[in-house]
Engineer: 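My questions all concern the structure below.
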Amino acid sequence: MDGHEVVSACDGASAWDCFQRFEPDVAILDIAMPSMSGHELARCIRRSREHRRVLLIAISGWVRASDRDRCFEAGFDHYLAKPVDYEELNRLL
């Protein structure tokens, strides 16, 4: 965790609940989450006044240019393909 305070959720709806209780600076979201996709969650976050400035990082196994474009359209700031390069993630944080 490299000194970061980390809160995790196993699906999109639970992650949204976490956003209601915490004030994260960064959210690292898998695109293919159950109950609410990473795209849907990113849109909710961006519509939310209190969370719209959170740094959003998408993590996905889908690596086509169109997949990346969909992430940015949903409101993500960065896109990382699986397997995630730790140095690149650490640089973003």
Engineer: Between Ile45 and Leu29, does the side chain to side chain contact (heavy atoms under 4.5 Å, CB included) criterion hold? Intermediate values first, please.
Structural biologist: CA-CA 11 Å; Ile45 292 166; Leu29 306 175; 4.2 Å; yes
Engineer: Specify the closest pair of heavy atoms between Ser8 and Cys18, including all atoms of both residues, with the distance to one decimal.
Structural biologist: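 Closest heavy-atom pair between Ser8 and Cys18: O-SG, 4.4 Å.
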Engineer: To check you understand the geometry: which heavy-atom pair defines the closest contact between Ser35 and Ala13, and what is its length?
Structural biologist: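 The answer is OG-N, 3.1 Å.
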Engineer: For the pair Ile31 and Cys71, evaluate side chain to side chain contact (heavy atoms under 4.5 Å, CB included) and give the outcome as yes or no after the intermediate values.
Structural biologist: CA-CA 8 Å; Ile31 296 305; Cys71 287; 3.6 Å; yes
Engineer: If we only count heavy atoms from C-beta on, is the Lys82 to Asp30 side-chain gap below 4.5 Å?
Structural biologist: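 Lys82 reaches Asp30 side chain to side chain.
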Engineer: Sequence neighbours left out, what pairs pass ring-ring contact (aromatic ring centres under 6.0 Å, His included) with at least one residue falling in residues 18-48?
Structural biologist: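 Those involving residues 18-48 are Phe19-His51.
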Engineer: So, the side chain of Asp85 versus the backbone of Glu88: is there a donor-acceptor pair under 3.5 Å, distance only?
Structural biologist: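 Flag set: sc Asp85 to bb Glu88 pair under 3.5 Å.
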Engineer: Got a sec, which residues hit side-chain hydrogen bond (donor to acceptor under 3.5 Å, both in side chains) with Arg46, two or more places apart in sequence or on another chain?
Structural biologist: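 Listed in chain order: Asp77.
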Engineer: How is the hydrophobic cluster of Ile28 composed, in terms of its other members, when Ile, Leu, Val, Met, Phe, Trp and Tyr link through side-chain heavy atoms under 4.5 Å apart, directly or indirectly?
Structural biologist: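 Members alongside Ile28: Val26, Leu55, Ile57, Ile59, Leu80, Val84, Leu89, Leu92, Leu93.
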Engineer: Verify salt bridge (Lys or Arg N to Asp or Glu O under 4.0 Å) between Arg70 and Asp67, making sure each step is shown before the conclusion.
Structural biologist: CA-CA 5 Å; Arg70 283 187 64 207; Asp67 298 320; 5.3 Å; no
Engineer: side-chain hydrogen bond (donor to acceptor under 3.5 Å, both in side chains) with Ser37: which residues, sequence neighbours excluded?
Structural biologist: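 With sequence neighbours excluded, Ser37 shows a side-chain hydrogen bond (donor to acceptor under 3.5 Å, both in side chains) to Glu40, given in chain and number order.
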Engineer: According to side chain to side chain donor-acceptor pair (under 3.5 Å), does anything in residues 12-26 pair up with another residue at least two apart or in another chain? List the pairs.
Structural biologist: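 Every pair satisfying side chain to side chain donor-acceptor pair (under 3.5 Å) with a residue in residues 12-26: Asp11-Ser14.
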Engineer: With sequence neighbours excluded, what pairs up with Arg91 under the salt bridge (Lys or Arg N to Asp or Glu O under 4.0 Å) test?
Structural biologist: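 With sequence neighbours excluded, Arg91 shows a salt bridge (Lys or Arg N to Asp or Glu O under 4.0 Å) to no residue whatsoever.
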